[in-house]
Amino acid sequence: MPAPVPKPIEPAELPALAAATMRAAKFPMLASMDGDQARVRPVSPVRTDGFTVYVANLRNYHKTGEIAANPKVELCYLDPDHNQVRITGRAEVVTDRALIEDIWQENALLRAYLGSPDNPVFMLYRILPDHVRYMREWALEYHLVV
């Protein structure tokens, strides 16, 4: 049986295709480094601005130490049709109080579980993309979005 031939993608379509994949996937996997060992886990973004993704975290989570030691991370979104978006970048702790308050007010789960943005275990990461890649289902070829 011959391999399927992927449908061509116009470069101008890539940002919209990637954004649609991210919306459909909802919960990406976050990869970080634990010393010389990669670790991956699902995360629930609390805001997405283009390809900048904000992820809430608890200070006692193991990934907190991993990211403090090495802020290079990757998010991988996989939608139900097996399209992928991979955001490779750096995680930074958000300290801007106005931004934290704004995200807090948008997210009922944060409010329900943590009570206040001043909860000492709460922290917020901003994942700044260095590059974003998109792959259509089974195409086996990534396209650079950003």
Task: side chain to side chain donor-acceptor pair (under 3.5 Å) against Asp96, all qualifying residues, sequence neighbours excluded - done: none
Open item on the list: Between Gln84 and Cys76, is there a side-chain heavy-atom distance shorter than 4.5 Å?
Closed with: yes
TODO: Measure across Arg39 and Gln37 and return the closest heavy-atom pair with its distance rounded to 0.1 Å.
DONE: CZ-CG, 3.5 Å
Open item on the list: Starting from Tyr142, can I reach Phe51 by hopping between I/L/V/M/F/W/Y residues whose side chains sit under 4.5 Å apart?
Closed with: no
Task: Approximate separation, where rounding is to 0.5 Å, of Asn107 CG and Tyr54 OH - done: 14.5 Å
Task: Side chain Asn70, main chain Lys72, donor-acceptor under 3.5 Å - done: yes
Open item on the list: Tell me every residue that passes ring pair (Phe, Tyr, Trp, His ring centres under 6.0 Å) with Phe122, counting only those two or more places apart in sequence or in another chain.
Closed with: Trp104
Task: Val146 reachable from Val53 in the ILVMFWY side-chain graph, under 4.5 Å edges - done: yes
TODO: Calculate, to the nearest 0.5 Å, the distance between atoms CG and CG belonging to Leu114 and Leu109 respectively.
DONE: 9.5 Å
Open item on the list: Can you tell me how far apart OG1 (Thr88) and CD1 (Ile127) are? Round to the nearest 0.5 Å.
Closed with: 11.0 Å
Would you tabulate the side-chain donor-acceptor contacts of residues 129-136 under 3.5 Å, counting partners in other chains and residues two or more places apart, or write 'none'?
from	atom 1	to	atom 2	distance (Å)
Arg133	NH2	Glu74	OE2	3.3
Arg136	NH1	Lys7	O	3.0

Open item on the list: Nearest 0.5 angstrom please: Arg47 CZ to Leu99 CG, how far?
Closed with: 5.5 Å
TODO: Using the test side chain to side chain donor-acceptor pair (under 3.5 Å), find all partners of Tyr61 that sit at least two apart in sequence or belong to another chain.
DONE: none
TODO: Decide side-chain contact (heavy atoms from CB on, under 4.5 Å) for Arg126 and Thr52; before the verdict, give the C-alpha distance in whole Å, the side-chain angles of both, and the deciding distance to 0.1 Å.
DONE: CA-CA 7 Å; Arg126 174 179 21 236; Thr52 299; 3.5 Å; yes
Open item on the list: If I compare all heavy atoms of Tyr125 with all of Val94, which pair ends up nearest, and what's the gap?
Closed with: C-CG2, 4.0 Å
Task: Side-chain heavy atoms of Pro120 within contact of Arg59, under 4.5 Å - done: no
Task: Shortest non-hydrogen contact between Ala12 and Pro15, atoms and distance - done: O-CD, 3.6 Å
- [ ] Would you sort out whether Asn57 and Val93 count as a side-chain contact (heavy atoms from CB on, under 4.5 Å), showing the intermediate values?
- [x] CA-CA 10 Å; Asn57 188 48; Val93 176; over 6 Å; no
Per-pair distances, 0.1 Å, donor-acceptor, side chain in residues 20-32, under 3.5 Å, sequence neighbours excluded:
from	atom 1	to	atom 2	distance (Å)
Thr21	OG1	Leu17	O	3.0
Ser32	OG	Arg41	NH1	2.9
Ser32	OG	Glu66	OE1	2.4

Task: Partner residues of His82 under the ring pair (Phe, Tyr, Trp, His ring centres under 6.0 Å) criterion, sequence neighbours left out - done: Trp138
Open item on the list: Strictly distance-based, threshold 3.5 Å: is any side-chain N or O of Thr64 a donor or acceptor partner for the main-chain N or O of Leu58?
Closed with: yes
Task: Cluster overlap Tyr77 with Val46, hydrophobic side-chain contacts below 4.5 Å - done: no
Task: hydrophobic_cluster_shared for Val55 and Ile100, side chain cutoff 4.5 Å - done: no
Task: Point-to-point distance, once rounded to the nearest 0.5 Å, from CG of Leu14 to NE2 of His143 - done: 6.5 Å
